[in-house]
Amino acid sequence: MSKAISLKMDDSLFEASENDIKRLGVSRNKFINDAVAEYIKKLKKERIRKQFEYEIPLIRESTIQMNNLINSLEDGNQLL
């Protein structure tokens, strides 16, 4: 299903997009849909990157703790 929308665009952005639409030989509708889809992909990648930036230090700390526990057990100093 498709939704119809009304869009206001700055004159310079409109002209630039019209030039690319003509150069690519696609419809305005396809051009705008593709542009929005690419922007959504970019935002999703950014959200994932930020999530990794948050989680990697947590994983690193957990790994250090596990290594310390394993080393302690190997040395015969049980922490449990």
Side-chain angles (χ1 to χ4, degrees):
M1 175 174 264
S2 297
K3 301 286 183 194
I5 63 169
S6 174
L7 176 69
K8 290 187 179 187
M9 191 181 290
D10 291 336
D11 288 341
S12 61
L13 186 58
F14 179 79
E15 291 301 323
S17 65
E18 287 296 300
N19 290 336
D20 285 334
I21 288 166
K22 288 175 186 168
R23 183 179 56 80
L24 294 170
V26 297
S27 69
R28 185 180 296 129
N29 186 62
K30 177 170 176 30
F31 184 83
I32 292 171
N33 273 285
D34 289 351
V36 170
E38 284 299 314
Y39 189 67
I40 290 170
K41 268 200 292 190
K42 177 184 174 186
L43 293 174
K44 184 176 182 179
K45 286 179 185 179
E46 181 64 19
R47 282 193 304 271
I48 291 169
R49 186 188 62 75
K50 285 182 179 181
Q51 188 67 32
F52 276 133
E53 285 178 357
Y54 170 76
E55 291 181 7
I56 286 174
L58 300 176
I59 294 168
R60 184 178 297 124
E61 181 59 31
S62 176
T63 302
I64 290 169
Q65 290 174 1
M66 287 302 296
N67 281 335
N68 289 340
L69 176 61
I70 290 168
N71 290 336
S72 176
L73 292 173
E74 288 175 348
D75 294 341
N77 302 322
Q78 293 185 359
L79 299 175
L80 302 175

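Counting begins at 1 with the first residue of the sequence.
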> Can you check side-chain contact (heavy atoms from CB on, under 4.5 Å) on R23 and D20, steps first, answer last?
Replying inline: CA-CA 5 Å; R23 183 179 56 80; D20 285 334; 3.2 Å; yes
>> With a 3.5 Å distance limit and no angle check, can you tell me whether S62 reaches the backbone of L58 through a side-chain donor-acceptor pair?
In response: no
> Take atom CG in D11; do more than 12 heavy atoms of anything else shown fall under 6.0 Å from it?
Replying inline: no
> Minimum heavy-atom separation for L7 to I32, with atom names?
Replying inline: CD2-CD1, 4.0 Å
> Can you name the closest pair of heavy atoms from F31 and S17 and give their distance?
Replying inline: CE2-CB, 3.6 Å
>> Taking side chain to side chain contact (heavy atoms under 4.5 Å, CB included) as the definition, give me every residue that meets it alongside N29, ordered by chain and number, with sequence neighbours left out.
In response: S27, N33
> If you round to the nearest 0.5 Å, how far is CD1 of I56 from CD of E61?
Replying inline: 14.5 Å
>> Less than 4.0 angstrom from a charged side-chain N to a carboxylate O is my criterion; do E53 and K50 meet it?
In response: no
> Members other than L43 in its cluster, when Ile, Leu, Val, Met, Phe, Trp, Tyr link by side-chain heavy atoms under 4.5 Å?
Replying inline: Y39
> For I59, does its backbone N or O pair with a side-chain atom of T63 as donor and acceptor, under 3.5 Å?
Replying inline: yes
>> Hydrophobic clustering (ILVMFWY, side-chain heavy atoms < 4.5 Å, transitive) - are I48 and Y54 grouped together?
In response: no
> Looking at CG of L24 and CG of D34, how far apart are the two atoms once the value is rounded to the nearest 0.5 Å?
Replying inline: 9.5 Å
>> Do I64 and L69 sit in one hydrophobic cluster, given that two such residues count as connected whenever their side-chain heavy atoms are within less than 4.5 Å of each other, even indirectly?
In response: no
